Amino acid sequence: MRRRKVLLTGAAGHLGRRTAAKLAEAGCDLALCDQDRAGLAALARELSDAAAGHGAPMTGDDRLSAGAEAAAIPADVTDEACAAGVVAEAHERLDGLDVLINAHGIEGPTGTVETLDPAEARRTFEVNVLSLFWLCGAAAENFKASGGGRIVNMASGAGLAGGAFASVYHASKHAVVGLTRSLARELGPAGIVVNAVCPGFVESPMVDRIAATLGELGQPASYRDAVPLGRYADGEEVAEAVRYLACEAPDYMTGACWVLDGGLRA
């Protein structure tokens, strides 16, 4: 399998860290982007420790993983120019770019539609949706010049169904699914494949926050009993799906939205 050069956004988040580790284990060269500088530094230490455990030589703070290289790029990708700059910097520091993984996102406001904070709703769409347009656009230009590439978007099971009192988050993830499918059609002729992962409930701080807020609104505080497998997903399972789409999935696979929800919507 050819060594991939990957830009991963949201790298310091719960799923981002696990995805970075999976990609490093696969020997990918990584550009790790997040606006959380401290989180990126912590991830660097984690990958460095993992590399040391495998006896890999270390050549600097930004070359982190066993058999692979990594560059830390702190940035807020909701700004169009900044997002384009991240893609350009990733290409420069990795000497090429094969894959863009958009793993950043926020849950947004939870509450009744008539009490939503307009600023919070707009911010959710800026982070979850508009930033993907800027990143995918910059990556598409890059990939067209090099003959092709891969984009993997972190969508959600929330993008496939409605959810009371979480309309902003659900609507934003519906947009990610729509963007993924639309770009698969638009960019396919250029040899660029675009897929998404749609996790259901994941053992994560975000799901805990959402469930707690919904519980205050009279909704279930846990959804484990609704999942046929009787549990939430482990972040490692989601990260493995992302790694497969980035590294191993057939080139003919595009426009797919992989559902990992334990049978919740079966």
Side-chain angles (χ1 to χ4, degrees), residues 7-20 32-43 72-83 86 100-113 115-136 151-180 196-217 219 221 223 232-233 235 238-239 241-242 257 260-261:
L7 168 59
L8 171 66
T9 70
H14 181 79
L15 292 178
R17 294 198 311 273
R18 286 154 180 78
T19 301
L32 305 171
C33 177
D34 202 292
Q35 65 179 355
D36 180 0
R37 291 177 177 268
L40 278 181
L43 175 60
I73 307 176
D76 180 355
V77 293
T78 60
D79 179 83
E80 180 181 358
C82 187
V86 167
L100 166 65
I101 301 174
N102 292 309
H104 62 283
I106 58 177
E107 68 263 33
T110 303
T112 61
V113 68
T115 61
L116 291 176
D117 183 327
E120 290 184 1
R122 291 191 185 96
R123 178 62 179 171
T124 303
F125 272 80
E126 289 174 354
V127 174
N128 292 0
V129 183
L130 292 179
S131 64
L132 269 63
F133 279 92
W134 318 145
L135 288 161
C136 290
I151 297 173
V152 183
N153 293 323
M154 187 69 74
S156 170
L160 304 172
F165 307 111
S167 56
V168 174
Y169 180 72
H170 280 251
S172 73
K173 290 302 182 178
H174 272 74
V176 175
V177 169
L179 176 63
T180 298
V197 176
C198 296
F201 294 103
V202 180
E203 291 284 1
S204 66
M206 177 186 285
V207 168
D208 289 343
R209 291 192 299 269
I210 293 173
T213 306
L214 290 176
E216 295 172 0
L217 294 167
Q219 301 298 298
Y223 291 83
Y232 289 171
V238 179
V242 175
C257 296
L260 292 87
D261 65 1

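What you see is a predicted model, and the numbers here were worked out from it, not measured in a lab. Both backbone and side-chain heavy atoms feed into the values below; hydrogens, waters and symmetry mates do not. We're numbering straight along the sequence, starting at 1.
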_side-chain hydrogen bond (donor to acceptor under 3.5 Å, both in side chains) involving R209 - partner list, sequence neighbours excluded_ =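 Expected list: E107.
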Minimum-distance pair of heavy atoms, taken over all atoms of [X] and [Y]:
X	Y	answer
A20	L32	CB-CD2, 4.0 Å
V242	V197	CG2-CG2, 3.8 Å
S172	V129	O-CG2, 3.4 Å

Just how far is it from atom [atom1] of [X] to atom [atom2] of [Y], taken to the nearest 0.5 Å?
X	Y	atom1	atom2	value
L135	E80	CG	CD	10.5 Å
M206	I106	CE	CD1	7.5 Å
Y169	T110	OH	OG1	10.5 Å
R17	L40	CZ	CG	11.0 Å
T78	L132	OG1	CG	12.0 Å
Q219	T213	CD	OG1	11.5 Å

*Using ring-ring contact (aromatic ring centres under 6.0 Å, His included) as the criterion, list what pairs up with F165, not counting sequence neighbours.*
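Partners of F165 under the ring-ring contact (aromatic ring centres under 6.0 Å, His included) test: none.
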*asked:* Walk me through whether L7 and C33 qualify under side chain to side chain contact (heavy atoms under 4.5 Å, CB included).
replied: CA-CA 7 Å; L7 168 59; C33 177; 4.2 Å; yes
Decide yes or no for [X] and [Y]: does some side-chain heavy atom of the first lie under 4.5 Å from some side-chain heavy atom of the second?
X	Y	answer
V238	R18	no
V177	C198	yes
H104	V127	yes

Are the side chain of [X] and the backbone of [Y] linked by a donor-acceptor contact shorter than 3.5 Å?
X	Y	value
K173	M154	yes
Y232	Y223	yes
T9	A103	yes
D36	A12	no
N153	A155	no

*Can you name the residues that form a side chain to side chain contact (heavy atoms under 4.5 Å, CB included) with P109, not counting sequence neighbours?*
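Per chain and number, P109 pairs via side chain to side chain contact (heavy atoms under 4.5 Å, CB included) with L116, E120, T124, V168.
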*Let me see the working for N102 and C136 under side chain to side chain contact (heavy atoms under 4.5 Å, CB included), right down to the final yes or no.*
CA-CA 9 Å; N102 292 309; C136 290; 3.7 Å; yes
